[in-house]
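Inspection log for the structure reproduced underneath, given as structure tokens.
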Amino acid sequence: MKYRVKFWVNEEPVELEVSANRTLLNVLRDELYLTGTKEGCGAGECGACTVIVDGKPVNACLVLAPELDGKHITTVEGLAKDGELSPLQQAFVKNAALQCGFCTPGFLMSGTALLQENPNPTREEIVRAISGNLCRCTGYVRIVESIEEVAAQYKGGAR
Amino acid sequence: MKEFAYIRPKTMAEAVAARRQHGSRAVVMNGGTDIVIQLRERLIAPDYVIDIKGVPGLREIAYDPKEGLIVGACVTMNELGEHPDVAANYPWLAEAALSVGSKQVRNRATAVGNIVNASPLCDVGTPLYAANATLIIAGLMGEREVAIEDFITFVRKTTLGPEEVVKAIKVPPLRDARGIFSKVSRRSEVDLSSVCATVLKVGREFRLAFGAVAPTPVRLKATEALLNGQKLTEALIAEAAILAKTEVSPIDDIRASREYRLDVVGVIVKRSLSAWL
């Protein structure tokens with residue numbers, strides 16, 4: 001059985017017929033060809049599929065497709081604006097906060113969600129906010145530093 | 001995952017009717033952080049998934065100093081843990097909620113789902129056991145209220161009827177209460193509890209609830225009886241720590257051995273009570 005869902009991805013309206021046994025991750029990758037969102041574990045452990053749904057980071061692998069009706073979703077493809085990478089993406093590039101890159105979209109989404117919620121997080125708050133994202137290459141230091149760097153730019157209300 | 005029909009009831013009556021109609025062929029989904037994994041792994045293969053997130057009123061958290069706290073079925077772990085009334089009046093419950101999984105998981109996982117799953121190591125179990133919380137359950141004949149201790153009966157078993165849906169958790173008001181939530185796990189973030197516990201001091205009464213050391217979360221009634229009304233001393237705490245170990249029945253599993261868990265029970269009793277010496 002198919003379910004008609006209307007939702008928004010990166011501010012673009014989408015209307016689809018989806019099966020109940022598909023996840024948000026399947027819909028993004030296989031129906032909308034937004035392959036920036038990655039599947040790591042498929043069980044909510046690794047955070048590679050993190051997207052922002054109605055302002056909150058969630059694991060796209062744990063959301064059923066019919067649940068999407070009416071939701072606003074931001075994926076890594078929605079971070080750049082007018083051809084320019086977001087401040088956090090630029091900081092990741094500048095600091096080489098990645099090696100293989102597979103986990104990077106998930107970290108960018110968790111980091112973006114944190115900075116939207118709390119533009120001046122402490123280092124501890126940053127570490128907690130990304131604790132649901134696993135990176136096997138970098139050791140996390142440059143990722144944390146990149147988020148800190150963007151937070152520092154925001155200080156003084158210069159958002 | 002296998003194909004199934006997705007049902008999104010708009011009222012609690014519709015949810016209960018869907019349960020009645022489809023019986024064991026249906027599963028109720030809330031945050032989905034356990035259900036979707038079970039579907040994917042084919043541990044369950046229902047023909048119907050009843051998503052109760054469209055039922056109005058289930059997102060509410062209400063606190064009243066006389067009535068206590070009501071946590072609706074669809075309140076997420078982050079919503080519970082970050083709520084100012086919960087943080088102010090039941091900080092150990094807030095801490096337990098925020099100890100679950102990752103931020104992404106806590107944005108979806110619900111406290112009620114954690115209880116209905118009835119895992120022995122459910123993190124919000126011990127604070128609710130210690131607080132003498134009850135569950136408000138909707139069914140065909142209206143609502144009933146059941147003590148959490150009578151709700152969870154064994155590993156992943158509850159007294160929830162086939163035509164019932166849990167509507168909310170009710171936590172009584174606690175006067176002059178102090179509490180400590182403890183979670184011992186292999187890593188400090190995003191892990192399941194090897195042992196979890198909530199120790200409360202309500203006036204001169206002590207309440208000790210432990211998780212992951214028996215088929216259900218447990219209250220240590222004999223240890224509580226030893227402590228109630230007494231002035232805490234180092235000797236009494238040492239005695240309580242020894243007695244506590246006789247009231248649990250942990251097993252060996254991938255997270256910890258029985259022996260380690262028994263030791264940790266003693267350590268948690270000692271550390272928690274020593275905070276109030």
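By convention in this document, chain letters (A, B, ...) are assigned in the order of the sequence lines, proteins followed by strands, and residues within each chain are numbered from 1.
Environment of CD in A:E15: crowded, with over 12 heavy atoms of neighbouring residues, nucleotides or ligands closer than 6.0 Å. Counted within 6.0 Å of CZ on B:R255, heavy atoms from surrounding residues, nucleotides or ligands total more than 12; the atom is thus considered enclosed. Within 6.0 Å of CD in A:E17 there are more than 12 heavy atoms belonging to other residues, nucleotides or ligands.
Both the backbone and the side chain of A:V63 come within contact range of chain B, with heavy atoms under 4.5 Å apart. For B:K2, the part sitting under 4.5 Å from any heavy atom of chain A is the backbone (N, CA, C, O) and nothing else. Neither the backbone nor the side chain of A:C46 comes within contact range of chain B, judged by heavy atoms closer than 4.5 Å. Neither the backbone nor the side chain of A:I52 comes within contact range of chain B, judged by heavy atoms closer than 4.5 Å.
With a 4.5 Å cut-off on side-chain heavy atoms, B:E189 and A:V127 do not count as touching.
We find the CG-CG distance between A:D54 and B:N107 to be 11.0 Å, quoted to the nearest 0.5 Å. Atom NZ of residue B:K103 and atom CD of residue A:E117 lie 3.5 Å apart, to the nearest 0.5 angstrom. Distance check: B:R8 CZ to A:D69 CG gives 8.0 Å after rounding to the nearest 0.5 Å. Taking CZ of B:R187 as the reference point, atom OG of A:S131 lies at 7.5 Å (rounded to 0.5 Å).
Ionic pairing of A:E39 and B:R40 is present here: one or more N-O contacts between side-chain nitrogen and carboxylate oxygen are shorter than 4.0 angstrom.
Among A:A43, A:G44, A:A20, A:A65, the residue with the largest count of heavy-atom pairs under 4.5 Å with chain B is A:A20. Contact count against chain A (heavy-atom pairs under 4.5 Å) is highest for B:V190 among B:I35, B:N78, B:V190. Heavy-atom pairs under 4.5 Å with chain B were tallied for A:K56, A:R22, A:E67, A:M1; the largest tally goes to A:E67. Ranking A:L114, A:L64, A:T23 against chain B, the residue ahead of the rest is A:L64, based on heavy-atom pairs under 4.5 Å.
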Checking side chain to side chain contact (heavy atoms under 4.5 Å, CB included) for the pair B:Q104/A:N133: CA distance, chi angles, key distance, verdict?
CA-CA 9 Å; B:Q104 292 95 313; A:N133 294 80; 3.0 Å; yes

Report the C-alpha separation of B:R108 and A:V53 in whole Å, then their side-chain angles, then the decisive distance to 0.1 Å, and conclude whether the side chain to side chain contact (heavy atoms under 4.5 Å, CB included) test is met.
CA-CA 10 Å; B:R108 293 268 299 168; A:V53 177; over 6 Å; no

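Taking every heavy atom of both residues into account, B:F4 and A:Y3 meet most closely at O-OH, 4.3 Å. For A:L62 against B:I37, the heavy-atom pair with the smallest separation is CD2-CG1, 3.6 Å. Residues B:S102 and A:G132 come closest through the heavy atom pair CB-CA, 3.3 Å.
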